[in-house]
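Accompanying notes for the structure given below.
This is a predicted model, so every value here is computed, not measured. Along the sequence shown, residues carry numbers from 1.
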Amino acid sequence: MLSAHPLSNTPNRLSPILQAGSGIRYDIRKPAQEGIASSTWQQISRVPALEMPTFKILIISKAFPWSIVIRAPAGSVVTCGTIFEELHKQLQRHIEDAEWAIVAVDKTRKGAIEKAAKSRQEKDKINRLKRIDWLGDTSIFEGLEKDKEFEKKRHLPGNASVTETWVVRFGKR
């Protein structure tokens with residue numbers, strides 16, 4: 001996958017580890033260190049997410065309505081591990097009232113969220129809805145990809161754009 005890096009005309013390549021269709025697949029309901037084999041995690045967690053140093057990446061998805069900003073830890077660049085950890089962390093947040101209002105009238109989506117929540121709640125005993133529940137049975141991280149058309153539609157007018165904006169793809173478990 002390629003995107004133009006802001007400081008040059010050369011494309012910024014996404015690590016093959018993160019590329020949709022050819023990278024790591026894992027169940028994002030689990031922390032990366034649990035969902036990815038430890039030997040694999042040791043090999044990939046510190047690999048830069050992009051070929052050229054990147055300190056901020058915006059993740060959007062066709063599967064949920066919010067965006068996730070991933071910032072590099074101080075003195076570092078965004079790594080594959082940072083992306084996996086932050087995606088998991090952000091999807092563990094509780095669904096907010098305004099987010100719930102989006103699906104309150106969509107019986108199919110609402111039912112899928114409630115079904116996923118019920119299954120999760122039996123395990124973790126947290127009765128509030130979480131963002132991970134929004135994914136229903138499609139919580140397998142399949143990778144990141146560029147989709148300029150979707151990015152353009154999804155961008156909130158008036159907000160600054162983030163050069164490194166990537167669409168996360170999820171699949172059925």
Side-chain angles (χ1 to χ4, degrees), residues 1-3 14-36 49-50 54 56-71 78 80-173:
M1 290 288 155
L2 306 175
S3 69
L14 182 68
S15 167
I17 295 163
L18 297 170
Q19 287 180 10
S22 65
I24 295 287
R25 287 177 42 97
Y26 93 97
D27 192 338
I28 199 87
R29 295 177 300 168
K30 300 176 183 177
Q33 297 87 334
E34 292 176 26
I36 299 172
L50 293 153
T54 305
K56 180 179 172 183
I57 292 177
L58 180 69
I59 304 287
I60 57 177
S61 179
K62 295 174 183 176
F64 53 69
W66 51 86
S67 55
I68 297 172
V69 176
I70 299 178
R71 289 183 169 77
V78 175
C80 294
T82 308
I83 288 181
F84 291 131
E85 290 169 341
E86 196 61 28
L87 274 173
H88 172 76
K89 177 181 166 188
Q90 292 301 317
L91 291 173
Q92 295 306 305
R93 293 177 57 188
H94 294 144
I95 291 178
E96 300 292 332
D97 183 64
E99 295 165 347
W100 185 246
I102 294 169
V103 296
V105 295
D106 180 345
K107 290 180 183 178
T108 304
R109 171 66 85 179
K110 183 179 175 188
I113 292 170
E114 290 172 334
K115 182 179 176 184
K118 183 177 180 184
S119 174
R120 176 191 49 77
Q121 291 165 351
E122 290 170 0
K123 295 175 185 115
D124 73 9
K125 308 296 184 215
I126 297 173
N127 289 328
R128 288 193 55 197
L129 295 175
K130 290 184 175 183
R131 286 179 165 184
I132 191 68
D133 301 328
W134 196 284
L135 296 176
D137 65 352
T138 59
S139 62
I140 299 297
F141 172 87
E142 290 188 337
L144 302 177
E145 59 193 1
K146 279 291 188 184
D147 184 337
K148 287 293 188 185
E149 187 177 319
F150 177 69
E151 182 182 336
K152 194 175 184 179
K153 289 178 188 176
R154 175 64 183 76
H155 182 75
L156 179 64
N159 275 8
S161 62
V162 176
T163 301
E164 293 302 342
T165 298
W166 293 86
V167 179
V168 62
R169 189 188 325 164
F170 297 100
K172 286 192 178 271
R173 41 177 201 268

If you round to the nearest 0.5 Å, how far is CD1 of Ile28 from OG of Ser139?
8.5 Å

Any idea which heavy atoms bring Lys172 and Arg25 closest together, and the distance?
O-NH2, 4.3 Å

Has the side chain of Glu34 got a donor or acceptor atom that lies under 3.5 Å from a matching backbone atom of Pro31?
no

Do you know the tightest heavy-atom contact between Ile113 and Val103?
CD1-CG2, 3.9 Å

Salt bridge (Lys or Arg N to Asp or Glu O under 4.0 Å) between Glu114 and Lys118, worked out
CA-CA 6 Å; Glu114 290 172 334; Lys118 183 177 180 184; over 6 Å; no

Going through the checks in order, is the side-chain contact (heavy atoms from CB on, under 4.5 Å) test met by Glu151 and Lys146?
CA-CA 8 Å; Glu151 182 182 336; Lys146 279 291 188 184; 4.1 Å; yes

For a 4.5 angstrom cut-off between non-hydrogen side-chain atoms, does Gln90 reach Trp66?
no

Is there side-chain contact between Lys62 and Phe170, with at least one heavy-atom pair below 4.5 Å?
no

Nearest 0.5 angstrom please: Arg71 CZ to Thr54 OG1, how far?
14.0 Å

I would like to know whether Leu135 and Arg29 meet side-chain contact (heavy atoms from CB on, under 4.5 Å); could you show each step before the answer?
CA-CA 10 Å; Leu135 296 176; Arg29 295 177 300 168; over 6 Å; no

Should His155 and Thr165 count as side-chain neighbours, where that means a heavy-atom distance under 4.5 Å?
no

Given side-chain contact (heavy atoms from CB on, under 4.5 Å), test Ile132 with Gln92 step by step and report yes or no.
CA-CA 6 Å; Ile132 191 68; Gln92 295 306 305; 4.1 Å; yes

To the closest 0.5 Å, what do you measure between CG (Leu50) and CG (Leu14)?
5.5 Å

Tell me which one of His94, Arg120, Lys115 satisfies side-chain hydrogen bond (donor to acceptor under 3.5 Å, both in side chains) with Asp133.
Arg120

Could you go through the salt bridge (Lys or Arg N to Asp or Glu O under 4.0 Å) check for Arg154 and Asp147 one step at a time?
CA-CA 10 Å; Arg154 175 64 183 76; Asp147 184 337; over 6 Å; no

Check whether any side-chain heavy atom of Trp166 lies under 4.5 Å from a side-chain heavy atom of Ile83, and answer yes or no.
no

Do you know which two heavy atoms are closest between Lys56 and Val78, and how far apart they sit?
N-CG2, 3.9 Å

What I'd like to find out is whether the side chain of Ile57 reaches to under 4.5 Å of the side chain of Leu144, using heavy atoms alone.
no

Which atom pair, heavy atoms only, marks the closest approach of Gly136 to Ala116?
CA-CB, 3.7 Å

Counting distance only, does the side-chain N/O of Arg109 pair as donor-acceptor with the main-chain N or O of Trp134 below 3.5 Å?
yes

Ring pair (Phe, Tyr, Trp, His ring centres under 6.0 Å) partners for Phe84, two or more places apart
Tyr26, Phe141

Derivation and outcome, side-chain contact (heavy atoms from CB on, under 4.5 Å), residues Gln33 and Glu85
CA-CA 8 Å; Gln33 297 87 334; Glu85 290 169 341; 3.0 Å; yes

